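Have a look at the structure below before the remarks.
None of these values were measured; they are calculated from a predicted model.
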There are 2 protein chains.
Amino acid sequence: MKGQVIVSDGKLAQASVFTSLKGLVDGAAPRFRTASEYVEATLRAAILSGRLAGGLALRQEELAEIFGVSRMPVREALRQLEAQALVDFVPHRGAVVTEISADDAADNYAIRLALEPMALSLSIPHLAEPDFVLAADLIAEMDEEADPGRMGELNRRFHLSLYARAGRVKLLLLVEQQLAAADRYLRFHLAAKGREHMSQQDHRAMLKAAGERDVPAAVQVLEGHLRTAASTIAAFFASRG
Amino acid sequence: MKGQVIVSDGKLAQASVFTSLKGLVDGAAPRFRTASEYVEATLRAAILSGRLAGGLALRQEELAEIFGVSRMPVREALRQLEAQALVDFVPHRGAVVTEISADDAADNYAIRLALEPMALSLSIPHLAEPDFVLAADLIAEMDEEADPGRMGELNRRFHLSLYARAGRVKLLLLVEQQLAAADRYLRFHLAAKGREHMSQQDHRAMLKAAGERDVPAAVQVLEGHLRTAASTIAAFFASRG
DNA sequence: TATCATAAAATTGGATCCAATATCCATTTT
DNA sequence: AAAATGGATATTGGATCCAATTTTATGATA
């Protein structure tokens, strides 16, 4: 079997990462329609969570064995991830997990800074009681949460809860993608500053302004929130990597 | 051969569309590294240009024959297009070209209205003489151009020329995608209002403001430009589709 | 004639197989 | 000892093959 190859040389660390992949999505997510969707979702979660680090080469055959499928669904999944800029195809070398850099982080925040105020502005007039309740619940959950990965998800869902009534599905789709990508950087943010810098007061202020249908105030808080996060992460990259 | 099947029943019209596909990209574009890239580029151009209308089912085997490849590169290309929201996979039915609707157009313009002012603001301080020359040239070309398809391309390139120095590659990538998607609607715009409504005075005003490094003025013109286009297209859909 | 059951055709997702090509390592040569 | 060279090995892109499932056509029956 090729399994031995994985642990034979310097790839042991990778092997332990890979072998833990399979169960990653199984718990929360529903069953997938196709194998490639399953592989794609699992790999995407692993990359966004940082479990598969930038620069790592993902070889099709190896992944196929781990997931218990042929190389074909793996190939399709990797192509999808390529379209999402999560991997680069290098001929005869494999799909390489894209590196995250200060520049990428800046890009991500510039995009969010453009899209999210738009989404929020469109959504606020149509938000209803259940939306406010959900948002408040998520803030409360974040107060309790310690795990950084789960924290990222809660943060994402909070933001989306306020944008949900924007009525523009493709806009929201883009926002979701950018929020998911932001998780890759948020981990550094939390590591650098601790979870108290999750800016829960910003979240509360946004919710309050939204409740009062005060679009300019909500947008102002959101923009400050994003700019703060962006500069924190920029500082982190400047100091370390 | 299956070729006969294509022309045997009611699919004749589709066949003539399909068979003209192959050469679509050959002229301008360089050779592609892989077959799937070639297929993808050709299909994308055909969909964005409106040559493959919304609702049309793209069957893998049929495309494979037309392109002279097996079903596999076709499959990969279609998956890529799915990621770009240009087709939907319907099980056992084929990849269906997504319909364009008033709602989609509104989404597209909302996204552009969020992203492009950001790109323009970031870019203006770094624009240099060659950028202004290129932009001016493109305006002049548009004055002469009659063909709607080519007009769309010129318009796209003009906008990009002013955003080019934003220094945020992923942001620009998104902008490019949205501009390409906008071509699908621009065709209706031109059909409805004639090419004099291409708002060349807006283009000139944007270029002037950019030349004076007047970011707020340039952004204001751009926003007005996009809002006008959006409402024109909304009116078009309201009257017709 | 309309409707429902049943069989045939078509289409996809996935597996396996094949050819082309780049990488990597050992050996040789300077 | 370092560099060049040649061949084994690994890896990918593409072709062909197979199974599952849906759609569509056909025909029987009320």
Side-chain angles (χ1 to χ4, degrees), chain A residues 1-12 14-15 18 22 30-43 55-83 87-97, chain B residues 1-11 14-15 18 22 30-43 55-83 87-98:
Chain A
M1 294 297 116
K2 294 276 176 175
Q4 273 70 12
V5 173
I6 302 178
V7 295
S8 66
D9 49 39
K11 297 180 187 169
L12 183 72
Q14 297 178 16
F18 280 140
K22 262 197 81 171
R31 286 294 159 273
F32 296 96
R33 204 176 58 76
T34 66
S36 28
E37 283 176 19
Y38 166 69
V39 173
E40 184 200 341
T42 307
L43 287 178
L56 186 62
L58 307 176
R59 293 201 304 300
Q60 296 180 1
E61 187 146 2
E62 193 172 345
L63 291 176
E65 234 177 282
I66 290 163
F67 283 103
V69 297
S70 83
R71 263 180 49 222
M72 179 138 329
V74 171
R75 218 197 285 186
E76 281 196 2
L78 290 175
R79 285 280 180 204
Q80 296 289 86
L81 296 175
E82 182 193 30
V87 304
D88 286 326
F89 268 65
V90 181
H92 296 275
R93 207 185 206 99
V96 178
V97 179
Chain B
M1 296 296 117
K2 293 276 176 174
Q4 273 70 13
V5 174
I6 301 176
V7 295
S8 66
D9 48 39
K11 297 179 187 170
Q14 296 178 17
F18 281 139
K22 263 196 82 171
R31 286 292 159 275
F32 295 96
R33 205 175 58 77
T34 66
S36 26
E37 283 176 20
Y38 166 69
V39 173
E40 183 199 341
T42 307
L43 287 178
L56 186 62
L58 308 176
R59 291 202 305 299
Q60 295 178 0
E61 187 146 3
E62 193 172 345
L63 291 175
E65 236 177 282
I66 290 163
F67 284 101
V69 297
S70 82
R71 263 179 50 221
M72 180 136 329
V74 171
R75 222 198 281 187
E76 281 197 5
L78 290 174
R79 286 280 179 203
Q80 296 289 85
L81 297 174
E82 181 192 31
V87 304
D88 286 326
F89 268 65
V90 181
H92 298 272
R93 209 187 205 97
V96 179
V97 178
T98 54

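One atom, CG of A:Leu58, and another, C1' of D:dT12, lie 14 Å apart when rounded to the nearest Å. The CD atom of A:Glu62 sits 19 Å away from the P atom of D:dT9 (whole-angstrom rounding). Atom pair B:Phe89:CZ and D:dT22:C1' shows a separation of 17 Å (rounding to whole Å applied). Summarising the geometry, the separation between CD on A:Glu82 and C1' on D:dG13 is reported as 13 Å, rounded to the nearest angstrom. Distance CD (B:Gln80) to C1' (D:dG13): 14 Å, rounded to an integer number of Å. Residue A:Arg59 contributes atom CZ, which lies 10 Å from atom P of D:dA10 at whole-angstrom precision.
Minimum interatomic distance between B:Arg93 and B:Ala57 (heavy atoms only, all atoms of both residues): O-CB, 4.0 Å. A:Ala83 approaches B:Ala83 most closely through the heavy-atom pair CB-CB, 3.9 Å.
Counting heavy atoms from C-beta outward, A:Leu81 and A:Leu43 have side chains that approach closer than 4.5 Å. Side-chain contact between B:Leu78 and B:Leu58 is present, with at least one heavy-atom pair separated by less than 4.5 Å.
For C:dA10, neither phosphate oxygen OP1 nor OP2 lies less than 4.0 angstrom from any side-chain nitrogen or oxygen of B:Gln60. Using a 4.0 Å cut-off, no side-chain N or O of B:Arg93 falls inside it from OP1 or OP2 of C:dT12.
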Show every donor-acceptor pair shorter than 3.5 Å between a side-chain atom in residues 68-75 of chain B and any protein atom, with sequence neighbours excluded, or say none if there are none.
residue	atom	partner	partner atom	Å
B:Ser70	OG	B:Met72	N	3.2
B:Arg71	NE	B:Gln60	OE1	3.0
B:Arg71	NH2	B:Gln60	OE1	3.2

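Remark: B:Glu82 pairs with A:Gln80, B:Arg79, B:Val87, B:Phe89 by the side-chain contact (heavy atoms from CB on, under 4.5 Å) rule, at least two apart or across chains.
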Its contact letters, B for base, S for sugar-phosphate only and - for none at protein heavy atoms under 4.0 Å, make nucleotides 14-20 of chain D read BBB---B
